[in-house]
2 protein chains.
Amino acid sequence: MPERPFHHGSLRTVLLDEAEKVLRERGVDALSLRELARDAGVSHGAPRSHFIDRKALLDALAERGFNRMAAEMRGAADRESSDYAQSLRACGHAYLNFAVKDSALLDLMFAAKMDDPPDSLIASAEGLFGAISDIMGAGVAAGVFPEQSIERLTILMSATMQGLSTFVAARRVDTALGSALIDDAIALFLRGASAKSESHT
Amino acid sequence: MPERPFHHGSLRTVLLDEAEKVLRERGVDALSLRELARDAGVSHGAPRSHFIDRKALLDALAERGFNRMAAEMRGAADRESSDYAQSLRACGHAYLNFAVKDSALLDLMFAAKMDDPPDSLIASAEGLFGAISDIMGAGVAAGVFPEQSIERLTILMSATMQGLSTFVAARRVDTALGSALIDDAIALFLRGASAKSESHT
DNA sequence: ACCTGAACACCGTTCAAGT
DNA sequence: ACCTGAACACCGTTCAAGT
């Protein structure tokens, strides 16, 4: 194995992979371009070729986070596709799992100071939202959600999962309770939404 | 007005007030102990007398955030105490308002990397949660929430407000839509919870 | 196109010394 | 008890220069 001439086109990926690890183990504040460069065996100016500044690296991390989470949500829904309510629960648990394992990354993805996000990041974020929309849309086909309110229900369901994730990640709610509350929320939404559609007929 | 000898016991408050302003206008990353010291007209080592390190300042800010938010929630509930559903909506809007005006502060309050938070911070966080619990508890008295599930409903309601706040602060959901979704969520919870209690009889 | 290495301004933190 | 000011290690960012 070569001692030095590692990177020829792969430095970007190497930096992102290591950054994701640091983010997970020590948080955003511990993320330093110079340290990443040191660990990759390149000079401190090298990352500049791939990330214009620290914010660009963080945006790239958030983008990968959105893509991975969308994939995990779709995967969870597909594995439990027999019973709709169960597939919905699987998605909720996938969301919570992501939040527990990568809480700093999730924070990054929904950071309030999202000033002028690059187009690719917006696209990835919409990819996650699209995945959730598709899953909720399947509920219309399954007859458990009324079509006219599906857009709002999608946002509400997402928001509930996001909020629970925040509380669990912040250790204000136990992981087991958080998991049970995901199920409660889904049951509540199923009851509330169908009650509304019945009151319409 | 004296040019220099400002602070004799008030430096701590001056630093916190200015920090809150910087947090609101430029985000956490722009928060620097040295800059705060400069603006307050003291040496860069002076803050050390009141905050052992940067994290201690951030914790103090979060603590003030929890206290203020709890007060605003109680205030909103009291102003609309005639109709219970309306007081619930007022609370939700108060939560969202806080999130929009002080998104960076809310992030700080529910930061995932809440390593060993000081007791006073935990107490303040529980103060907010207590305020929300009281408001939800009034719903039991009003007969709209079943008593046996009030604890879980409280967390779910909080999580939904928190999640919506995150989405609105991150500009993934419009402020007006976020406000309308708060009302939708409350309506859903009221329907779902009462449907459940009816199914028990 | 990608990386090096010096340079600059800015930090957080520590600590002996002052009042 | 509170604040000063020097010192240290570490950053992000820029940029001319190399390959």
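Small disclaimer: the values here were computed from a predicted structure and weren't measured. By convention in this document, chain letters (A, B, ...) are assigned in the order of the sequence lines, proteins followed by strands, and residues within each chain are numbered from 1.
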Quick one: sort the Phe167(A) and Phe110(B) rings into parallel, tilted or perpendicular, breaks at 30° and 60°.
tilted

Arg54(B) with Asp59(B): basic N within carboxylate O range, under 4.0 Å
no

Separation of Leu36(A) atom CG from dC3(C) atom C1', in whole Å?
16 Å

Lys55(A) bridged to Asp29(B) by N-O distance under 4.0 Å:
no

Quick one: does Ile132(B)'s side chain get under 4.5 Å of Met73(B)'s, heavy atoms only?
yes

Do any N or O atoms of the protein come closer than 3.5 Å to N or O atoms of nucleotides 9-11 of chain C, and which pairs are they?
residue	atom	partner	partner atom	Å
dC11(C)	OP1	Arg38(B)	NH2	3.3
dC11(C)	OP2	Arg38(B)	NH1	3.3
dC11(C)	OP2	Arg38(B)	NH2	3.3
dC11(C)	O5'	Ser32(B)	OG	3.3

Close side-chain approach of Phe129(A) to Ile155(A), heavy-atom, < 4.5 Å:
yes

Looking only at side-chain N and O atoms, does Ser49(B) come under 4.0 Å of OP1 or OP2 in dC2(D)?
no

Using a strict cut-off of less than 4.0 Å between a Lys/Arg side-chain nitrogen and an Asp/Glu carboxylate oxygen, indicate whether Glu72(A) and Arg68(A) qualify as a salt bridge.
yes

Set out, in order, the CA-CA distance, both residues' side-chain angles and the distance that settles side-chain contact (heavy atoms from CB on, under 4.5 Å) for Leu61(B) and Glu20(B), then state yes or no.
CA-CA 7 Å; Leu61(B) 284 172; Glu20(B) 210 169 298; 4.3 Å; yes

Taking 4.0 angstrom as the limit, do Glu18(B) and Arg38(B) come out as a salt bridge?
no

Do the side chains of Leu121(B) and Phe66(B) get nearer than 4.5 Å, heavy atoms only?
yes

Find the distance between OG1 (Thr154(A)) and CD1 (Ile135(A)) and round it off to the nearest 0.5 Å.
9.5 Å

What does the list of N/O pairs under 3.5 Å between the protein and nucleotides 14-16 of chain D look like, with a distance for each?
residue	atom	partner	partner atom	Å
dT14(D)	OP2	Arg48(A)	NH2	3.0

What pattern of brackets, bars and dots sums up DNA chain C from 5' to 3', given Watson-Crick or G-U wobble pairs under 3.5 Å, [ ] for crossing pairs and | for another strand?
||.|||||...|||||.||

For the residue pair Asp107(A) and Asp107(B), establish whether any side-chain heavy-atom pair is separated by less than 4.5 Å.
no

Distance test, side-chain N/O of His50(B) to OP1/OP2 of dC3(D), below 4.0 Å
yes

Report the distance from atom CZ of Arg12(B) to atom P of dA1(D), rounded to the nearest whole Å.
16 Å

Interatomic distance where CG belongs to Leu57(A) and P belongs to dT13(D) [whole Å]
10 Å

